[in-house]
Novice: 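Attaching a single structure in C-alpha cells format; questions to follow.
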Amino acid sequence: MKKPIIGVLGSLNKEVMPSYEVLTRICCSIDYFQAIEKAGGIPIMLPITDKENIESQISLCDGFVFPGGMDINPLIYEEEPHPKLGINSLELDKYQYEFIKRVIFHTKKSFFAICRGYQMLNIVLGGNLYQDISEIEKEDGKIINQHIQLGHSSQGSHSIIVEKGNPLYDLVGEKYTVNSYHHQSIKKLGKDLKIIAKSKDNVIEAIEYIDDKRSFAIGVQWHPEHMAHQDDKAVTLFKKLIEAAKQEGEKK
Ligand code: MN
C-alpha cells in the first residue's frame, strides 16, 4: 500500500477586515501536517462541509487526526455556558461531532484525537467536560499544575502517569512529560472509553476507545504535534496511527 492518507479536521478562523467584513478561513496548525509527514503519512485537511458530504470526506482517508482548537460550545452536551467559556463555534462543533460519530460507528479506521478533538471524542460517546478547570476544585480536589503553560510549546511542562496495557504505555512507559494548553478537561467519561493517563493533580490526560475494530484509537489532552519537532516519542505516536491506518488499508 502507498503511504496512508490522514485526514485532519480543519478549524475556523474569523478575522475582521478593514471593511468590517468578517473573513472566515479554514485553518489548522502546520505542526499537525509536518508531524504526519515526518511519521510517514500524507496529511490532508478536511474543511467543514454539509452533513451529506461527510461520508465522502471519510472515504478519502485511511486514518484521522481530530485536532486541537477553540473551546467546545456546551450546548452540544446540553449544558449552559460557564462564565470562563472561550471563543467557540457551534457550527464547527456540530460538523465535527457528526464526523467523529460516523468514523466511530460506520468505519474501522484508526484515529488520534488531540486536545479539542479528544474532548469532542468524549462528548460523541456521551461524556462531558469541565468547562473551566477551576470547576474540578469544587468536586475532585486541588489543581496544582499549570495546565496553560507559558513555556515553549515543543517542551513538556507537567508529568502524566500512564496505566499499563495500551499503546501509550508501550511507547512512553509509566511516566512522561507533556505540554499543556487547556482550560477545559474531561468530567464524565464517555461510553467505551478507558482512562489511560492522568496528571498528578488528577486531570484526565489520555483515553483509549475500546473496540475490536481498529488498532489505534487514542486521545490525548496535550499537543504531541508541537512536541514532534524535538521529541521522538511524540513522532512515534503519529507513526503508530499511520502504521494502523496502513494495516487497515491493506485489509480492505
Ligand atoms: Mn494538562
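Index from 1, following the sequence. All values below come from the heavy atoms of this structure, side chains included, with hydrogens, waters and symmetry mates left out. Whatever order the structure lists them in is the order used to number ligands and atoms, beginning at 1.
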Novice: Only to 10 degrees, please: what angle do the OE2 atom of Glu205 and the NE2 atom of His158 make about the Mn ion (ligand 1)?
Specialist: 90°
Novice: Do the rings of Phe99 and Tyr95 sit parallel, tilted or perpendicular, given the 30° and 60° boundaries?
Specialist: tilted
Novice: For His182 and His147, take the angle between the two ring planes, folded into 0 to 90°, and tell me which bin it lands in: parallel under 30, tilted 30 to 60, perpendicular over 60.
Specialist: perpendicular
Novice: Flag Ser199 as yes if one of its N/O/S atoms falls below 2.8 Å of the Mn ion (ligand 1), otherwise no.
Specialist: no
Novice: In His182, the N, O or S atom nearest to the Mn ion (ligand 1) is which?
Specialist: NE2
Novice: Is Lys94 salt-bridged to Glu98, cutoff N-O under 4.0 Å?
Specialist: no
Novice: Is there a path of hydrophobic side-chain contacts, each under 4.5 Å between heavy atoms of I, L, V, M, F, W or Y residues, that connects Tyr97 with Phe105?
Specialist: yes
Novice: Using only N, O or S atoms, tell me which atom of His147 is closest to the Mn ion (ligand 1).
Specialist: ND1
